Protein chains: 2
Amino acid sequence: MRDEPSHTKATRADWIAAALDTLISDGVDQVKVLTLSEKLEVSRSSFYWYFKSRQDLLDTLLEHWQATNTAAMVAQAEAPAASISVAVCNVFRCVVDPALFNIALDFAVRDWARRSGAVRRVLDLGDTARIRALAAMFVRYGYEAAEAETRARVLYYMQIGYNDADLREPMEERMRQAPMYLKVFTGREPEPEATESLRAYVEALGAANPPA
Amino acid sequence: MRDEPSHTKATRADWIAAALDTLISDGVDQVKVLTLSEKLEVSRSSFYWYFKSRQDLLDTLLEHWQATNTAAMVAQAEAPAASISVAVCNVFRCVVDPALFNIALDFAVRDWARRSGAVRRVLDLGDTARIRALAAMFVRYGYEAAEAETRARVLYYMQIGYNDADLREPMEERMRQAPMYLKVFTGREPEPEATESLRAYVEALGAANPPA
DNA sequence: GGAGGTCTGGACAGTCATGTCTAGACACCT
DNA sequence: AGGTGTCTAGACATGACTGTCCAGACCTCC
């Protein structure tokens, strides 16, 4: 999955990357200094050269998340588009393109927030910012404020729930259903071009990351 | 929150109830024999009289979830209703009435599933059954199969995401927005009676459980 | 009242985690 | 070659949790 530093030293970035990996796959509680050191094939005590403590590492992980994901989704919501359907497709890209938005990390942080008040507060700020950007997007395409707010929430929360429940549905199936989702999210008939551009995007992505 | 058995013995049910509490509030990893025994004011070793091991307890918790929540939501989806809006309101009841459906437990199990393949498989069965019931509900009110499936997913996943992101929004605010949500979920204008009946239901609930 | 099943407390062993300390390896500069 | 700063290994202290064992309390039925 990741090219291990074949036996040499481990940098601070290596520790963070390894921690991110296990945060995503196993949750915060499993981010342990011992485990990480074994993964990096390095002594556990080296960790304390780079970080004050385990908590220090955890804080760093949260900062990393904060500095990447929310900004990315807001940018997608603000991207210019010919119609609301195309605009929604732009937002969809956050859940299909790992280079744009690390959705697995988003879920790991959401998990984490459920058990830590401090993390929860940081997450709430992110959620609020994202929903505000999505509501503004609907307003730009002529929806009334109240309806825009509701549609923003349905769109955002549905993405969370969908991926939470079902990360394993094949991309092809998702694309097939896309026009119907667009209709429900926007309350309007989507133009064929909207889904076409998304399909082309996903296909280009699939070519770049061929299925395993 | 729960009336402690003031100092006497702890029954098997007590252990399960305590485990359920901490599963919900702190996650599986925090369901520890030592912690539970302290909560019950009982020796840790007593635990091993009722359960073979910690894993045995965990299995029991999952069975408990399986036997309650999914059946409840399917029942709400199948309840007779005058229109699709009323039917959707019936489903809403799952997220507002703790007596009907333990939503906090649902999230705890969802969390858990993210770190355990076995739990994941059990959860998937539940999700599939629920979505199938919701899709059938939309079909009963005249939606085409494909659209019914999509609307079922949007409704279901949105509930997950909404509660995941935002359990703290006041009930009053939720009720104010209900008609707009109904419109988005059904694609039709909701009759005033639909939300009225839900509002009455929630108020009765609020009277039963006065705000702290 | 005694016997036997039901349940509990306390002691023990084993594992795994965090964090500290010290000696030393290694690279690089002068 | 030697000194300095960077990084690592290994040993040690400490604490949390799991699971086992055994002696005994308590209840109930005979």
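Residue numbers start from 1 in every chain, and the chains themselves are labelled A, B, ... in the order their sequence lines are given, proteins ahead of strands. Keep in mind that what you see is a predicted model, and the values were worked out from it rather than measured.
- Partners of A:Ser46 according to the side chain to side chain contact (heavy atoms under 4.5 Å, CB included) rule, which considers only residues two or more places apart in sequence or in another chain, are A:Trp15, A:Val42, A:Ser43.
- For A:Thr150 (side chain) and A:Ala146 (main-chain N/O), a donor-acceptor pair under 3.5 Å exists by modelled atom type.
- Here the P atom of nucleotide D:dC7 and the CH2 atom of A:Trp15 are 13 Å apart, to the nearest Å.
- Atom-to-atom, NZ of B:Lys39 to P of D:dC17 comes out at 13 Å; the value is rounded to the nearest Å.
- Atom pair A:Trp49:CH2 and D:dT8:P shows a separation of 9 Å (rounding to whole Å applied).
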Checklist entry - B:Asp56 and B:Ser53: side-chain hydrogen bond (donor to acceptor under 3.5 Å, both in side chains), yes or no, with the steps? => result CA-CA 5 Å; B:Asp56 183 22; B:Ser53 66; 5.8 Å; no
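- The pair A:Asp26-A:Lys32 does not count as a salt bridge, with every side-chain nitrogen at least 4.0 angstrom from each carboxylate oxygen.
- One atom, CZ of A:Phe51, and another, P of D:dC7, lie 12 Å apart when rounded to the nearest Å.
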All N/O pairs under 3.5 Å across the protein-nucleotides 17-20 of chain C interface:
from   : atom 1 : to      : atom 2 : distance (Å)
C:dT18 : OP1    : A:Val33 : N      : 2.8
C:dT18 : OP2    : A:Val33 : N      : 3.4
C:dT18 : OP2    : A:Leu34 : N      : 3.3
C:dG19 : OP2    : A:Tyr48 : OH     : 3.2
C:dG19 : OP2    : A:Arg54 : N      : 3.2
C:dG19 : N7     : A:Arg44 : NH1    : 2.8
C:dG19 : N7     : A:Arg44 : NH2    : 3.4
C:dG19 : O6     : A:Arg44 : NH2    : 2.4

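- Put simply, the side chain of A:Phe92 does not reach to within 4.5 Å of the side chain of A:Gln76, judged on heavy atoms.
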Only pairs under 3.5 Å count here: list side-chain donor-acceptor contacts from residues 130-139 of chain B, not counting sequence neighbours, and write none if there are none.
from     : atom 1 : to       : atom 2 : distance (Å)
B:Arg130 : NE     : B:Thr70  : OG1    : 3.3
B:Arg130 : NH1    : B:Asp106 : OD2    : 2.8
B:Arg130 : NH1    : B:Tyr156 : OH     : 3.2
B:Arg130 : NH2    : B:Thr70  : OG1    : 3.2
B:Arg130 : NH2    : B:Asp106 : OD1    : 3.1

